[in-house]
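Worksheet: one structure, shown below.
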Protein chains: 2
Amino acid sequence: MPRASSGPRGPRAALSRDEVLETAAGLVKRHGPQALTMRGLAAELDTAVTSIYWHVGGREALLDALVERTVADLGEIRPEGRTPEQRVVSVARALRRQLRDHPHLVALVHERGLTERMFLPAQQVLVREAHAAGLRGARAADFVRAVQFQVVGHVLVERNRERAPAQHPDEEELWSAETAGADPALARALARPVDAERLFLTSVRALVGALLASRGH
Amino acid sequence: MPRASSGPRGPRAALSRDEVLETAAGLVKRHGPQALTMRGLAAELDTAVTSIYWHVGGREALLDALVERTVADLGEIRPEGRTPEQRVVSVARALRRQLRDHPHLVALVHERGLTERMFLPAQQVLVREAHAAGLRGARAADFVRAVQFQVVGHVLVERNRERAPAQHPDEEELWSAETAGADPALARALARPVDAERLFLTSVRALVGALLASRGH
DNA sequence: ACCTGAACACCGTTCAAGT
DNA sequence: ACCTGAACACCGTTCAAGT
């Protein structure tokens, strides 16, 4: 039973690796990585499951290709600001923004152990800024990696929180009780949802400032 | 065909919720979360799959119960050191150590969006230290959350890297080329594997130091 | 109250066969 | 070179039936 799928379409054009990846990317974007099944993808493409294997290989290879594709689409990061601190912080913000604009990419990349790969483009930009800030050699490398871990880690935790189901006890009920003792303002603050953007900025500024301040030593 | 599984055992004692969780925890510890299948677990328990449903519910409920169990087992964290900086850093290190000692817990907790839950015990300890350092109200809350995101994020990235398959281009080949231009020491440093422990300490000290230095303002 | 097997609706992957 | 259906070995979950 050929082409029993939804709606009238033209005759199925010859399948291509690119068409498979395009459709797969669409599925992931709309419904998340776990919704990408070989059989579902085949149905969407109006073809046999096994054709996908011919064009892109199995599911693992498909996911790898998707990650590669999306990472390549991210575009380069241009530092902004006058001082090295400002420029590095701007790179960190831009990277976070990119990752947040491709929410499923983060999940995909994390699932596949590819956070490294995701960061490589920004790494080169950061190296340049580290040099501009007067850091050299191993100290520059430490700086770049500290920023890298900070940014990627923050985004991972953010994404995790957004996905989080109701939790017991959660911060709200924990801190709405008497736990905080003599600091009701603290209890209120911890019971409120996190302002991730602000927290990110605070942390990155603190980290970058501290690491650049020790430079020259 | 009752009890066709491996080796001679005594007659199957009445199944209990606790026994199910215990065996499930063992499976996760030995082979990771993805190896925990309802059917595999049933085989290990030498019982019918459906019995598991009666005792703990479906796979989701089982994973939730496992997380809860493991988090409860972590034990409390005791700050060490004389200055507030030292004590906060010691809490961060202890938390990282705990998480690294339960590698599958991190994956489990991340997969289920429960990083929050994982951090709650340490949060209360940190609040006390923030107070000792002179932080109050919203500023104390920001501090606690910045440290929290830093630690959990770092561990997530670490775990991710350890799982990572070979990547192309990876840092090593990227930086062993001429990319680094005039800084061969930097290139060598970035081509080396990350010393996660050292990087963690550097970052946490920088962050905590910077955030506590701005106190009182 | 506790446990069972059968059945349902899915997966990813392989393979021999078609054109 | 490209595409196919059938088959294999898995999943999680539901349900009616047993004791």
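In what follows, every heavy atom counts, from backbone to side chain, and hydrogens, waters and symmetry copies are set aside. So that the names make sense, note that chain A is the first sequence line, chain B the second, and so on, each numbered from 1.
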Exercise. Under 4.0 Å between a side-chain N/O of A:His55 and OP1 or OP2 of D:dA1, yes or no?
Worked result: no
With sequence neighbours left out, write down each residue that passes side-chain hydrogen bond (donor to acceptor under 3.5 Å, both in side chains) with [X], or none if nothing qualifies.
X: B:Arg17; answer: none
X: A:Arg78; answer: none
X: A:Arg97; answer: A:Glu197
X: A:Ser51; answer: A:Thr47

List, one per line, each side-chain donor-acceptor pair under 3.5 Å for residues 59-66 of chain A, sequence neighbours excluded.
| from | atom 1 | to | atom 2 | distance (Å) |
| --- | --- | --- | --- | --- |
| A:Arg59 | NE | A:Leu36 | O | 2.9 |
| A:Arg59 | NH2 | A:Pro33 | O | 3.2 |
| A:Arg59 | NH2 | A:Leu36 | O | 3.0 |
| A:Asp64 | OD1 | A:Arg112 | NE | 2.8 |
| A:Asp64 | OD1 | A:Arg112 | NH2 | 3.2 |

What is the distance, rounded to the nearest whole Å, between atom [atom1] of [X] and atom [atom2] of [N]?
X: A:Glu19; N: D:dC2; atom1: CD; atom2: C1'; value: 14 Å
X: B:Leu45; N: C:dC3; atom1: CG; atom2: C1'; value: 13 Å
X: A:Trp54; N: D:dC2; atom1: CH2; atom2: P; value: 4 Å
X: B:Ile52; N: C:dT4; atom1: CD1; atom2: P; value: 10 Å

Exercise. With sequence neighbours left out, which residue pairs that include part of residues 26-40 of chain B fulfil the salt bridge (charged side-chain N to carboxylate O under 4.0 Å, His left out) condition?
Worked result: B:Arg30-B:Glu44
Exercise. Between B:His110 and A:His110, does the ring centroid distance fall short of 6.0 Å?
Worked result: yes
Problem set entry | Interatomic distance at P, C:dA9 relative to D:dA9, whole Å | 22 Å
Exercise. Which letters describe nucleotides 11-19 of chain D, given B = protein heavy atom under 4.0 Å from base, S = only from sugar-phosphate, - = neither?
Worked result: BBBBB----
If you look only at distance, which donor and acceptor atoms sit under 3.5 Å apart when one is on a side chain in residues 146-154 of chain B and the other is two or more places apart or in another chain?
| from | atom 1 | to | atom 2 | distance (Å) |
| --- | --- | --- | --- | --- |
| B:Gln148 | OE1 | B:Gln123 | NE2 | 3.0 |
| B:Gln150 | NE2 | B:Ser203 | O | 3.3 |
| B:His154 | ND1 | B:Glu158 | OE2 | 3.0 |

Seminar exercise, completed: Parsed dot-bracket for DNA chain C after applying the Watson-Crick and G-U rules with both distances under 3.5 Å and | for other-strand partners is ||.|||||...|||||.||
